[in-house]
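Scroll down for the structure; my scribbles are underneath it.
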Amino acid sequence: MLLLLLLLFKKILCHGPSTVVLYGPLPLFHTFLMVISLSATQVLGPHHPAAEEPLSFRMLQISSFANHSWAHTQGSGWLGELQTHRWDNALGTIRFLWPWSQGNFSKEELKHIQALLQLYFHSFPLEVQAFSSQFQFEYPFELQISFGCRMHSGKASGNFLNGAYQGSDFLSFQGNSWKPSPGAGSRAQNVCNELNHYRVIKEIVQSLLIDTCPRYLAGLRESGKSELERQVKPEAWVSKGSSPGPGRLLLVCHVSGFHPKHVWVMWMRGEQEQSGTQQGEVLPNADRTWYLRVTLNVAAEEAVGLTCRVKHSSLGGHDIIIHWDGYPILLICICLAVLVTLVILVVINSWFKKQSSNQNICPPHVSKPIFPTEANIQEPSNSGSFLCLAQKLWIKNRLQKK
Ligand SMILES: *[C@@H]1O[C@H](CO)[C@@H](O)[C@H](O)[C@H]1NC(C)=O
Ligand SMILES: *[C@@H]1O[C@H](CO)[C@@H](O)[C@H](O)[C@H]1NC(C)=O
């Protein structure tokens, strides 16, 4: 069976370009999920164009095995954090999720890759089921594979093929052979020993990792440039978190709605970064933007004067600065001012209403001056409002001054 598969793979590979992308033609085994942290660049300056940052293309496979006769596999392709491909199990085809998801590969090369994937996704579960007792896989189980490559500043900067069994690291492909993950035990060692017998498979995997994947990634980076470099400005706000203890405050700075993912957020006193600042994980919003929560645990009296500072490529050097105490006080002042003004207006208005109803609205003679000026209104009026009265007073004063 294994031999047959090898021959098939060889046949496909010999017919097409000698390279293939997407899941490696790894007939037996199982897999892994490696979370590739692209956020390792968290310390980079904020104004680097996205193209300068590390970028990866990876294929993820998740295969669930319920019992000896039931298995389900999901396959997907990811450019950095963005899903670009999906494997359609029903049709046995690659679904390109963006108009640019084909990168710069020709139709023909993509067809070969698709043919290889059809074979792979068909045989993978069968092989795993066939070897499950030899490898001591216990139903139900889940296998995950992450396979791909990275580039940095326009150059290929590494590749990876990792497998996980039941959610834990299981094995990887290093150099030109299969290696069990530390702590994965003798089961992983057995699987690797078995896999390492197949030289042709190792060569194919190597070629995919070293040649096909970097070329595909380079093409995708170009074709998907506008999406990758899409700039969306963050919004930021601060709030109080649940109290970390008596006399202490948890200051929370929320930053949301930004793209690309890389962002710098810090609690500051003036220009001084606060070393106790805790960064959360950058989480996805539903609209392909990102959210980050950054906290600082301080003594209550030390919160005054702290600011949350946000640097992001979309801000073009104009950092967002949110004052912990500043904005609330400003807001309180504005609210108070508005409130006081309203109260004064209401009082004045009702006072004038009272006056006018007593005196029949803009009365011909106002006995008492309303303003500290003389107020002898001559003509009658039916307008009746305090404005009317004030206007007449003003006109009268003007006339008298002349
Ligand atoms: C295998 O698992 C599937 C899905 O859970 C279930 O529907 C099916 O009945 C199971 N078959 C056997 C033989 O246990
Ligand atoms: C796609 O673009 C990359 C980088 O621009 C290049 O190395 C590669 O040769 C191009 N074409 C193919 C078919 O890989």
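Note that ligands are numbered from 1 as they come in the structure, with each ligand's atoms numbered from 1 the same way.
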Say whether, by atom type as modelled, one donor and one acceptor occur between the side chain of [X] and the main chain of [Y] under 3.5 angstrom.
{"X": "Trp324", "Y": "Val252", "result": "no"}
{"X": "Trp98", "Y": "Gln83", "result": "yes"}
{"X": "Gln74", "Y": "Gln61", "result": "no"}

| Do Phe57 and Leu220 touch side chain to side chain, with heavy atoms closer than 4.5 Å? | yes

| query | Going by heavy atoms in the side chains, are Arg58 and Arg150 under 4.5 Å from each other? | reply | no

| Aromatic contact, Phe105 with Tyr216 (centres under 6.0 Å) | yes

| message | Applying salt bridge (charged side-chain N to carboxylate O under 4.0 Å, His left out), can you list everything that pairs with Glu281, at least two apart in sequence or on another chain? | response | none

| field | Ligand-side contact atoms (ligand 2) for residue partner Ala218, heavy atom cut-off under 4.0 Å | value | 3 (C), 4 (C)

For each nitrogen or oxygen atom of ligand 1, which protein N/O atoms lie closer than 3.5 Å, and how far apart are they, rounded to 0.1 Å?
{"residue": "ligand 1", "atom": "2 (O)", "partner": "Asn67", "partner atom": "ND2", "Å": "2.3"}
{"residue": "ligand 1", "atom": "11 (N)", "partner": "Asn67", "partner atom": "ND2", "Å": "2.9"}
{"residue": "ligand 1", "atom": "14 (O)", "partner": "Asn67", "partner atom": "ND2", "Å": "3.2"}

| message | Using a 3.5 Å cut-off on N or O atoms only, is Glu109 in polar contact with ligand 2? | response | no

| said: Counting only nitrogen or oxygen atoms and a 3.5 angstrom limit, does Glu222 reach ligand 2? | reply: no

